[in-house]
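Below is one structure, written out as structure tokens; the observations come after it.
Here is how names work: the chains are called A, B, and so on, in the same order as the sequence lines, proteins then strands, and each is numbered from 1. Any value given below was found using the heavy atoms of this structure, including those in side chains, with hydrogens, waters and symmetry copies removed. Note that this is a predicted model, so its numbers are computed, not measured.
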Number of protein chains: 2
Amino acid sequence: MVAECSVDYTGRLTAHLPRAPRLLIVKADGSVLVHSDGGSYKPLNWMAPPCTLRVALPEDDGRAQDAEDGDWVEEWTVTHGKTGDTLRVQVHEILSDTSHELGVDPGLIKDGVEAHLQALLADNMDALGDGWSLVRREYPTAIGPVDILARDPEGGCVAIEIKRRGEIDGVEQLTRYVDLLNRDPLLAPVRGVFAAQVIKPQAKTLAGDRGFDCVTLDYDELRGIDDKEARLF
Amino acid sequence: MVAECSVDYTGRLTAHLPRAPRLLIVKADGSVLVHSDGGSYKPLNWMAPPCTLRVALPEDDGRAQDAEDGDWVEEWTVTHGKTGDTLRVQVHEILSDTSHELGVDPGLIKDGVEAHLQALLADNMDALGDGWSLVRREYPTAIGPVDILARDPEGGCVAIEIKRRGEIDGVEQLTRYVDLLNRDPLLAPVRGVFAAQVIKPQAKTLAGDRGFDCVTLDYDELRGIDDKEARLF
DNA sequence: CCCTACATATCGTAC
DNA sequence: GTACGATGTGTAGGG
């Protein structure tokens, strides 16, 4: 539906949208999206499922429409099933209204996420320099698997944490793994390497402070090496 | 537009959506959203502005439509202006198509986010007890700004981390700040205080373990104090 | 059901 | 303009 509307949200925060023409979407699960004609994919306001939508008409309503609310032709009240958050949409003028049953979507197929970076680096440890070798991917520990366990040219044990984007959380994660691995006398001393396509300055600072090396990975370059090797066989 | 379509995205990753009925939205800035009839506000696929949309018809196209592509009535190619990411939408059957000019949206008014909590607490350090004073908000450090730096009644230095919802990562954040500040002989010893509207039990336990005090903030109460003070002047 | 980790995040703000 | 944290983050996977 395209309509002149005003919107109020009450929940984790309160928010208000003054009267203006907008796109209103009601999905099959009752969720509601309020979009403007610009910005990115995020709606101005919305209600996530599970939620229930109730539509009131002026004649249903005992109370007179006061000046503050203005004159509306429909008032939607959307209530979240668990949190009790509410979204109230007052529809002042309907510009267009269509409805379709779409059915369940077959879903999205993705390619090129963190798991692929890990596989590519494991296949091409040379990207870290000559003489590096893979011990194993997803090396198990009590607090979760280490992305890659490797040996440097001197034979020293190295834990590698891989991220698409290197931020502080990733350095903390690597810290926990290295602390734990260094308690194992068979592995210690274990160094840490933080590898990502982009590493934020704060993360680089913290990694340096913790004694970790940082490596910037180039996905396309790694893929190129991988393809070249594949063609040799 | 509501239509049977298939979608391919190439950019940071590659993704594919098989043929199915979906909602296609084209905004005034040329951005495109592909929504299914369920899920939350996030589209299955999209292209963010700045981008350009080009629509091809079968008769425009020299090449024959092969079996893989299937028969389409429109093919949209959306290219991102900076990154070169592309979104290709093949429209197989149009179920509905409407167009409206909405104009610029007056925008969303929000209330109750972390910035407000920080401002309210900085204005009302008494909420922590008598004799507390503000040193400064957003006190800068090498790993990011500390929400509030304060002095307790005894003149001791205190770092305060404020969160809407107090969880473990907030305690970790405070830990990093306090560690760093304690290396500065002009400030040390620095205590830590974890302040939030709601503090999860896990976070409270971890904070206690790290030697931090926890404070629960009441947003409405702080706002009440603030309003009362404002009325005195 | 809760917790964890990832994501084409987007958005505002301070520097 | 860039960097950074916050978000009504959403979402998928595992215990």
Checking D:dT7, D:dA3, C:dA7 against the side chain of A:Pro201 (C-beta onward), the nearest is D:dA3

Sequence neighbours excluded, which residues qualify as side chain to side chain donor-acceptor pair (under 3.5 Å) partners of B:Asp169? none

For nucleotides 11-15 of chain D, which of its nitrogen or oxygen atoms have a protein nitrogen or oxygen under 3.5 Å away, and what is each distance?
from   : atom 1 : to      : atom 2 : distance (Å)
D:dT11 : OP1    : B:Ser40 : N      : 3.1
D:dT11 : OP1    : B:Ser40 : OG     : 2.5
D:dT11 : OP2    : B:Ser40 : OG     : 3.1

Tell me which nucleotide among C:dA9, C:dC6, D:dG8 gets nearest to the side chain of A:Lys163. C:dC6

Can you list every ring pair (Phe, Tyr, Trp, His ring centres under 6.0 Å) pair that touches residues 105-127 of chain B, not counting sequence neighbours? none

Taking only the side-chain heavy atoms of B:Arg164 (C-beta and beyond), determine which of D:dC4, D:dG8, D:dG5 contains the nearest atom. D:dG8

Choosing from D:dA6, C:dA7, C:dC6, which nucleotide comes nearest the side chain of A:Gln173? C:dC6

Using the side chain to side chain donor-acceptor pair (under 3.5 Å) criterion, which residues pair with A:Glu221? Sequence neighbours excluded. none

5' precedence on DNA chain C between B:Ala48 and A:Arg176 (nearest-nucleotide basis): A:Arg176

Any side-chain donor-acceptor pair under 3.5 Å between A:Ser6 and A:His92? yes

Tell me every residue that passes side-chain contact (heavy atoms from CB on, under 4.5 Å) with A:Val135, counting only those two or more places apart in sequence or in another chain. A:Leu149, A:Arg151

Closer to the 5' end of DNA chain D via nearest nucleotide, is it B:Pro145 or A:Asp85? B:Pro145

Just to be sure I follow the notation: if a pair is Watson-Crick (purine N1 to pyrimidine N3 plus N6-O4 or O6-N4) or a G-U wobble (N1-O2 and O6-N3), each under 3.5 Å, what dot-bracket string does DNA chain D give, with | for pairs to another strand? |||||||.|||||||

Using whole Å, report how far CD of B:Glu167 lies from P of C:dT4. 9 Å

From CG of B:Leu108 over to C1' of D:dG8, roughly how many Å is that when rounded to an integer? 11 Å

Taking side chain to side chain donor-acceptor pair (under 3.5 Å) as the definition, give me every residue that meets it alongside B:Thr205, ordered by chain and number, with sequence neighbours left out. none

Holding to ring-ring contact (aromatic ring centres under 6.0 Å, His included), I want the full list of residues that pass it with A:Tyr177, two or more places apart in sequence or in another chain. none

Heavy atoms under 4.0 Å, any strand shown: does A:Met47 hit a base, just sugar-phosphate, or nothing? base

Please measure how far the C1' atom in C:dC6 lies from the corresponding atom in D:dT7, and state the result in whole Å. 16 Å

Which atom pairs, donor and acceptor, lie under 3.5 Å between side-chain atoms of residues 35-55 of chain A and protein residues at least two apart or in another chain?
from    : atom 1 : to      : atom 2 : distance (Å)
A:His35 : ND1    : B:Lys27 : NZ     : 3.1
A:Ser36 : OG     : A:Gly38 : O      : 3.3
A:Asp37 : OD1    : B:Ala28 : N      : 2.7

Any salt bridge linking B:Asp179 with B:Arg210? Criterion: basic side-chain nitrogen under 4.0 Å from a carboxylate oxygen. no

